[in-house]
Protein chains: 2
Amino acid sequence: MIIGIIIFVGHAHSHEYAVDPGWSAAALADVRARGLRNGGARRTVIEHLGGQSCCSSAQEIYDGIRSAGGRVGIASVYRALDQLVELELVQRVDIGDGIARFEPSHGSGDHHHHLVCDDCGRVDPFFDPALEQALEGAASRLDYGMRAHEIVLHGSCADCRGGGA
Amino acid sequence: MIIGIIIFVGHAHSHEYAVDPGWSAAALADVRARGLRNGGARRTVIEHLGGQSCCSSAQEIYDGIRSAGGRVGIASVYRALDQLVELELVQRVDIGDGIARFEPSHGSGDHHHHLVCDDCGRVDPFFDPALEQALEGAASRLDYGMRAHEIVLHGSCADCRGGGA
DNA sequence: TTGTTTGCAAACCTTTTGCACGTTA
DNA sequence: TAACGTGCAAAAGGTTTGCAAACAA
């Protein structure tokens with residue numbers, strides 16, 4: 001039997017999803033610290049990811065880099081993403097359309113989850129302190145060396161429900 | 001500013017994951033009620049899913065049906081799954097390996113989420129009342145017509161951590 | 001009967017791999 | 001220099017689609 005009390009105090013919709021300017025530098029340093037080199041492709045992928053505030057697919061990252069003048073191969077994008085996920089610097093996100101998306105692994109401060117509109121495909125980040133608390137509670141209660149978690153909510157965005165503007 | 005208190009009382013590991021014998025019948029009825037026919041393939045997929053207690057991939061469902069003597073095509077399995085997800089009778093689950101999995105959409109009673117061992121690939125269902133509460137709270141707080149949600153926790157199972165048996 | 005569903009095979013698309021060349025430390 | 005990283009192109013694997021035959025109502 002388990003009895004628990006959670007008290008949360010926070011703002012529900014006021015979280016800022018600004019990009020974290022320090023993430024790229026930290027990731028590059030971490031990569032180097034683990035004995036890996038930072039060739040053009042990996043560095044570019046890290047720098048591109050650092051400028052994103054929510055998740056992007058490998059193709060989107062590739063296109064973004066190319067249209068900014070970078071000359072990466074998509075295979076290198078996939079390879080870099082794999083390694084960054086492995087190092088827990090990047091989080092993989094599956095929103096249910098069969099395309100893997102990736103975003104910087106934020107520290108507990110900037111952690112968010114995803115809201116997917118099944119009508120138009122739009123993805124919105126959200127942050128809910130009570131949910132985060134409960135998740136950490138569940139993670140510690142379950143005896144399972146927890147390293148990452150993902151929450152995806154499916155529904156319809158305001159625009160698609162027509163109520164919007 | 002939001003202030004909330006959640007008090008939960010429950011068993012963490014005591015939930016039963018028995019298959020729901022009524023799901024198949026209900027799903028078949030629902031399909032018929034919506035004007036669709038129940039040809040061999042769709043019926044067989046529904047009946048197979050009804051016998052599962054956790055998620056399975058399209059290939060696993062196909063193999064399961066074939067080895068039980070059924071003669072479905074895998075395209076029909078995919079088509080049936082798509083339709084069942086559309087009707088919200090089946091829930092799609094993405095555990096991060098690029099393979100879509102599917103399981104009966106349980107009512108709130110039998111609802112569970114997934115624990116994925118990143119070392120051996122094992123998937124375990126879990127149920128956590130506090131987490132479920134928090135999720136419903138978050139869903140109602142966010143203004144987003146919520147229809148489904150998914151939580152995936154990644155870590156290492158007891159076996160892989162070596163502490164196990 | 002008549003529109004729906006099915007199975008097969010081909011097509012599709014995302015992701016992975018082989019390999020020779022370029023780069024980093 | 002020597003190991004590592006990269007790009008290209010080809011291969012792989014999961015999923016979708018076209019189509020004619022089979023089937024449910």
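Each chain gets a letter, A, B and so on, in the order the sequences are listed, and its residues count up from 1. Note: hydrogens, waters and symmetry copies are ignored here, and every other heavy atom, side chains too, is used.
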Classify the side-chain pair B:Glu132/B:His113 by whether it contains a donor and acceptor separated by less than 3.5 Å.
-> yes

Please state how far atom CD in A:Glu60 lies from atom C1' in C:dT14, giving the value in whole angstrom units.
-> 13 Å

In whole angstroms, the gap separating P of D:dA11 from OH of A:Tyr78 amounts to 19 Å

Which part of the nucleic acid, if any, lies within contact of B:Ala41, taking any heavy atom under 4.0 Å across all strands shown: a base, the sugar-phosphate backbone alone, or nothing?
-> sugar-phosphate

Just say parallel, tilted or perpendicular for the rings of B:His111 and B:His149, cut-offs at 30° and 60°.
-> perpendicular

Whichever of B:Ala75 and A:Gly40 has its nearest DNA chain C nucleotide further upstream toward 5' | B:Ala75

For the pair made of CZ in B:Arg79 and C1' in D:dC19, what is the distance, rounded to whole Å?
-> 10 Å

How many Å lie between CD1 on B:Ile99 and C1' on D:dT15, as a whole number?
-> 12 Å

Between A:Arg66 (CZ) and D:dT6 (C1'), how many Å, whole number?
-> 12 Å

Among C:dT15, D:dT17, D:dT16, which is the nearest nucleotide to the side chain of A:Ala100?
-> C:dT15

Distance, rounded to the nearest Å, where B:Tyr62 contributes OH and D:dT15 contributes C1' | 14 Å

Quick one: which of D:dC4, D:dG7, C:dT6 gets closest to the side chain of A:Val72?
-> D:dG7

How many Å lie between CD1 on B:Ile74 and C1' on C:dA11, as a whole number?
-> 16 Å

Treating Ile, Leu, Val, Met, Phe, Trp and Tyr as nodes and any side-chain heavy-atom pair under 4.5 angstrom as an edge, say whether A:Val93 and A:Leu89 lie in one connected cluster.
-> no

Run the salt-bridge test on B:Asp94 and B:Arg92 with the 4.0 Å N-O cut-off and return the result as yes or no.
-> yes

Given C:dT6, D:dA25, C:dT15, the nucleotide with the shortest approach to the side chain of A:Ala58 = C:dT15

With heavy atoms under 4.0 Å as the rule, sort B:Leu36 into base, sugar-phosphate or nothing.
-> sugar-phosphate

Determine the sole option in B:Arg101, B:Glu103, B:Glu150 for which the side-chain hydrogen bond (donor to acceptor under 3.5 Å, both in side chains) test with B:His114 is passed.
-> B:Glu103

Closest of C:dT6, C:dA25, D:dC23 to the B:Arg37 side chain is D:dC23

Please give, in whole Å, the distance from C:dT17 C1' to A:Gln83 CD?
-> 14 Å

Would you classify B:Arg42 as touching base, sugar-phosphate or nothing, given that sugar-phosphate means primed atoms plus P, OP1 and OP2, and contacts are heavy atoms under 4.0 Å?
-> sugar-phosphate

Comparing nearest nucleotides in DNA chain D, the 5'-proximal residue of the pair B:Arg43, B:Gly98 is B:Gly98

